[in-house]
Peer 1: 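Before we start, here is the structure in question, set down as structure tokens.
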Protein chains: 2
Amino acid sequence: MLPVTYMMKHSHSPHEGRPATMEDLARATGLSKMTISRALNTSGYVSEQSRKKVIAAARQFNYRLNYIGRNLNQNRTGMLGIITPLEGLIGTYYFGQIVKGIQSALIGTDYHIAHYDSLSADFNDGEKCAQLCYQKRVDGLIVIAPKRHDCFVKTFAELKVPLVVVGGAPRDPRTSFIDVDNFGGASSAAEHLIDLGHYKIGFVAGPKTLHDACEREMAFRKTLARHSLRVNEKWVIQGSYETRKAFHASLHLLSQRDRPTAIFASNDLMALGVLDAARIIGLSVPEELSIAGFDDIDAATNVQPQLTTVRQPMQRMGRKAVEYIMELVAKGNQERHLIHQKLTAQLIIRESTAQARKTTQTTGQARGVDKVPFSHFVTGTSGL
Amino acid sequence: MLPVTYMMKHSHSPHEGRPATMEDLARATGLSKMTISRALNTSGYVSEQSRKKVIAAARQFNYRLNYIGRNLNQNRTGMLGIITPLEGLIGTYYFGQIVKGIQSALIGTDYHIAHYDSLSADFNDGEKCAQLCYQKRVDGLIVIAPKRHDCFVKTFAELKVPLVVVGGAPRDPRTSFIDVDNFGGASSAAEHLIDLGHYKIGFVAGPKTLHDACEREMAFRKTLARHSLRVNEKWVIQGSYETRKAFHASLHLLSQRDRPTAIFASNDLMALGVLDAARIIGLSVPEELSIAGFDDIDAATNVQPQLTTVRQPMQRMGRKAVEYIMELVAKGNQERHLIHQKLTAQLIIRESTAQARKTTQTTGQARGVDKVPFSHFVTGTSGL
DNA sequence: CTGTTAGCGCCTTCAT
DNA sequence: ATGAAGGCGCTAACAG
């Protein structure tokens, strides 16, 4: 009786339960492993006859390429690490679109995505994340909109791993980043409102903790200043990038006697809140109130009136990040060429902004809800 | 002059730029690769002296374990595949919490998460996903709330890969799943409202395309029927699991002459919309309108009044899924023991539901907004 | 066009 | 307590 090992090594069909290897195919076809490899990868020269035999055997044994073997040979993992706050990924259009861009750029490559939570204790600083590369769990890293740059990105500068930050550009120039030009985008929105003749302009700010929110606010303020317009702090709402809070705050703001004729919300979700509030109050948009947002989320074109907003090229950021990382990985990360990109955000003018009315006098009595026919907003749900 | 290969194999320090291997450490310490391995993995016997030498050399050469090598040896990938609609993941508390549960269960294991989009053409059916296992890109798969069971989960039954569906339990019993008992949870909420003396109960439905939304609606209807209560179809709002649409529809519903005294929304986001609408209309909650939700999202305890709701053990589902998959993987997936779990959803009674008033007459004039002091809702923003 | 050799980095097995 | 041999599955490099 032959020993089991002999059986396993020399039987013509793979042992039941064990997936077939190239070696199995080699034995079955009487060819060598190399010919099998070449045939399956369509690389190098293989006779048509051999190729057919290999294909047939592969089908018969239900062969699948084992990537662990290939990866060891090629010293790569085929994994691209995405590092993002889980609580952020989940819940915002922004992160979703960036990831979507990354995914789309990965189609056709044999790269897959590994996901890590920057809020977890295991991945909350650069050193820990770099381990993923050192230990060959991933080939490169894309950090999406890190919240804390200090303990996170700073250390990356020294770690020599293929890495790029997307969104929330770090201050440290020794790290590559791809971001959107929040300042420019917000400026163009403010500029647009001013061009329309508005000079009483309100603002809905995003979370102070987020860099892009700050940039947008800064842009708003500077643009008004450049046009010698004063920012009325009573018209600046502190929002949180979400609809409800902006809605309630707007109710308050818009019911004031002295209210703005235009509002720039630093993201679309909040702009929707302003829009809802205006509808409740009975202010027609854009006739009595112009509203501009930021992001160009799906809902922006699904409301009535459609939202004037600033489009961020989120997916493009994701794609560019992949291209950059792939390039670094391909070059073995030898040339440490950094990139610092700020993609332009484009103003999209739709229906929610209009010329300021000459007649709009702030001295006019602010309309309370009681002046509005109830049907006005109850029936106005078509735009949802 | 010695050939380069000799240099590389026999120099005492690893070639510059190439990460150190155990072989490097072996040469540097004069020990064998095995001793290095044992020392670094604290497995088997190693003398204290040797261990120290190894540790020192590892530190000196900045050695990191190469997982590709280990994985090939152990025929595993250390990757757990998570398959979810990207557009879904992104955007809902639900997906986020499940993933969070998965993440937490993975801490301490050396498993990482690979993420795949079930909406992508590459992973939109069972066969394609199973390839990930066959090709050894992942060791197991967790499918989160697949939208389409037909082309997706059905095929899984035959594919013999470690797989479990979390949320959106498939009809096919040959697939393992872990889900929450939507029917039971929704029933208890409806029961609760009935117990409080309500008999005019409205409902905000979720998307018809989602299984859990259907289950909750079914439970609502059956529970009312069991108590011989008629469901007034005018009080059933077709929502989409999001706040705004529910808000606007509720404005309409609650301003009717004949309106319900209680509303059960099939998720919390929509319950918030109902709450906002009630506030606008001027109905006090819970005195004039009881509201119950489903999910127990963070906001449920951050509004005024706090929301009565049904808590889904989302994180626990994620954790259980991991435990199950790990077990399968550990056993080499030999015993194909299926699990079909429905975790109970717990009713959490808070402030948004109360005893039905005897005096609440539906014949009473529905209050229009014009009857409400404006300050009523403008100042009522504290609960946000 | 095909095969042989060798090695990726690790760990299991068996020997010492 | 340590080492030697060998193999996981694949492919580059070189021979034929």
Side-chain angles (χ1 to χ4, degrees), chain A residues 3-6 8-10 14-15 18-27 29-54 58 61 63-78 110 134-137 139 332, chain B residues 3-6 8-10 14-15 18-27 29-54 58 61 63-78 110 134-137 139 332:
Chain A
V4 170
T5 45
Y6 180 89
M8 292 186 53
K9 295 294 287 186
H10 299 269
H15 180 269
R18 179 177 61 79
T21 69
M22 287 193 181
E23 176 124 24
D24 294 318
L25 302 188
R27 274 195 297 273
T29 57
L31 296 163
S32 74
K33 280 196 298 181
M34 268 322 294
T35 304
I36 308 294
S37 174
R38 283 191 270 251
L40 295 178
N41 292 301
T42 54
S43 66
Y45 299 93
V46 179
S47 72
E48 197 47 44
Q49 188 189 7
S50 296
R51 180 185 315 287
K52 277 182 181 160
K53 272 204 288 190
V54 172
F61 294 155
Y63 172 84
R64 318 289 174 122
L65 175 61
N66 181 325
Y67 274 90
I68 313 180
R70 171 182 284 186
N71 288 344
L72 177 59
N73 179 288
Q74 302 184 346
N75 189 34
R76 46 157 256 159
T77 68
D110 59 350
Y134 296 150
Q135 301 188 337
K136 287 275 176 332
R137 304 288 313 226
D139 291 334
Chain B
V4 171
T5 44
Y6 179 89
M8 290 185 55
K9 296 291 287 186
H10 300 270
H15 179 270
R18 180 178 59 79
T21 69
M22 287 192 181
E23 176 125 23
D24 294 319
L25 301 189
R27 274 196 297 274
T29 57
L31 297 163
S32 74
K33 281 196 296 182
M34 270 322 297
T35 304
I36 307 296
S37 176
R38 284 192 268 251
L40 294 178
N41 293 301
T42 54
S43 65
Y45 298 93
V46 179
S47 71
E48 197 46 44
Q49 189 190 5
S50 296
R51 181 185 315 287
K52 278 184 182 160
K53 271 204 288 189
V54 173
F61 293 155
Y63 171 84
R64 318 290 173 124
L65 175 61
N66 182 325
Y67 273 90
I68 313 180
R70 169 182 285 185
N71 289 344
L72 177 59
N73 179 289
Q74 302 184 346
N75 189 34
R76 48 158 254 161
T77 69
D110 59 351
Y134 295 150
Q135 301 188 338
K136 287 274 178 326
R137 304 288 312 225
D139 291 334

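What you see is a predicted model; the values in this text were computed from it and never measured. Reminder, nothing fancy here: chain letters follow the sequence lines and each chain counts from 1.
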Peer 1: Could you check whether A:Asn75 gets within reach of a base, just the sugar-phosphate, or nothing at all, counting any heavy atom under 4.0 Å?
Peer 2: nothing

Peer 1: Axis-to-axis angle across the helix from C:dC1-D:dG16 to C:dT16-D:dA1, five pairs an end, to 10 degrees?
Peer 2: 40°

Peer 1: Where the side chain of B:Lys33 is defined as all heavy atoms beyond and including C-beta, which of C:dC11, D:dG9, D:dC10 is the nearest nucleotide?
Peer 2: C:dC11

Peer 1: Can you tell me how far CZ of A:Arg38 sits from CZ of A:Arg51, rounded to the nearest 0.5 angstrom?
Peer 2: 11.0 Å

Peer 1: Check for a donor-acceptor pair, side chain of A:Arg64 on one end and backbone N or O of A:Pro19 on the other, with a separation under 3.5 Å.
Peer 2: no

Peer 1: So, is A:Arg70 close to the D:dT11 phosphate, meaning a side-chain N or O under 4.0 Å from OP1 or OP2?
Peer 2: yes

Peer 1: Just how far is it from atom CG of B:Leu25 to atom CD of B:Glu23, taken to the nearest 0.5 Å?
Peer 2: 10.0 Å

Peer 1: Specify the separation, in whole Å, of atom CD of A:Glu23 and atom C1' of D:dC10.
Peer 2: 11 Å

Peer 1: May I have the distance from A:Leu65 (atom CG) to D:dC8 (atom P), rounded to whole angstrom?
Peer 2: 16 Å

Peer 1: Report yes if a side-chain nitrogen or oxygen of A:Tyr67 is closer than 4.0 Å to either non-bridging phosphate oxygen (OP1 or OP2) of D:dT11; otherwise report no.
Peer 2: no

Peer 1: Can you tell me how far the OG1 atom of B:Thr77 sits from the CZ atom of A:Arg137, to the nearest 0.5 Å?
Peer 2: 8.0 Å

Peer 1: Please identify each residue that fulfils side-chain hydrogen bond (donor to acceptor under 3.5 Å, both in side chains) with A:Asn66, with sequence neighbours left out.
Peer 2: none

Peer 1: May I ask you to evaluate whether A:Thr35 reaches the phosphate of C:dG3, defined as a side-chain N or O under 4.0 Å from OP1 or OP2?
Peer 2: yes

Peer 1: Rounded to whole angstrom units, what separation is found between the CE atom of B:Met34 and the P atom of C:dC11?
Peer 2: 8 Å

Peer 1: Quick one: on DNA chain D, does B:Gln74 or B:Gly30 contact a more 5' nucleotide (nearest heavy atom)?
Peer 2: B:Gly30

Peer 1: Strictly below 4.0 Å: does B:Ser32 bring a side-chain N or O up to OP1 or OP2 of D:dA4?
Peer 2: no

Peer 1: Any side-chain donor paired with an acceptor under 3.5 Å for B:Arg18 and A:Asn75?
Peer 2: no

Peer 1: What's the shortest heavy-atom distance between B:Leu40 and B:Ala58, and which atoms?
Peer 2: CD2-CB, 4.3 Å

Peer 1: Anything under 3.5 Å between a donor and an acceptor, one on a side chain of residues 42-50 of chain B, the other on a protein residue two or more places apart or in another chain? List them.
Peer 2:
residue, atom, partner, partner atom, Å
B:Ser47, OG, B:Ser50, N, 3.1
B:Ser47, OG, B:Ser50, OG, 2.9

Peer 1: From CZ of B:Phe61 over to P of C:dG9, roughly how many Å is that when rounded to an integer?
Peer 2: 15 Å

Peer 1: Contact between A:Asp110 and A:Tyr67 at the side-chain level, heavy atoms closer than 4.5 Å - yes or no?
Peer 2: yes

Peer 1: Applying a 4.0 Å non-hydrogen cut-off, can you work out what B:Met22 is touching in the nucleic acid: base, sugar-phosphate, or nothing?
Peer 2: sugar-phosphate

Peer 1: Using every non-hydrogen atom in the two residues, find where A:Ser32 and A:Ala26 come nearest and quote the distance to one decimal.
Peer 2: C-CB, 3.8 Å

Peer 1: Measure CZ/B:Arg76 against C1'/D:dG9 and give the value in whole Å, please.
Peer 2: 17 Å

Peer 1: Quick test: give all pairs of protein nitrogen or oxygen and nucleotides 14-16 of chain D nitrogen or oxygen below 3.5 Å, distance rounded to 0.1 Å.
Peer 2:
none

Peer 1: Specify the separation, in whole Å, of atom CZ of A:Arg18 and atom C1' of D:dG9.
Peer 2: 11 Å

Peer 1: Need one value for A:Leu72: base, sugar-phosphate or nothing, where a base atom within 4.0 Å counts as base even if backbone is also close, heavy atoms only.
Peer 2: base

Peer 1: Take atom CG of A:Asn73 and atom P of D:dC10, then tell me their distance rounded to the nearest Å.
Peer 2: 10 Å

Peer 1: Who pairs with B:Asn71 by side-chain hydrogen bond (donor to acceptor under 3.5 Å, both in side chains), at least two apart in sequence or on another chain?
Peer 2: none

Peer 1: By a strict heavy-atom criterion of less than 4.0 Å, which residues belonging to residues 41-54 of chain B are in contact with DNA chain D?
Peer 2: B:Tyr45, B:Val46, B:Ser47, B:Ser50

Peer 1: Using only atom types and a distance under 3.5 Å, with no angle test, would you say the side chain of B:Ser37 pairs donor to acceptor with the backbone of B:Lys33?
Peer 2: no

Peer 1: Could you check how far CD1 of A:Ile36 sits from P of C:dT2, rounded to whole Å?
Peer 2: 10 Å

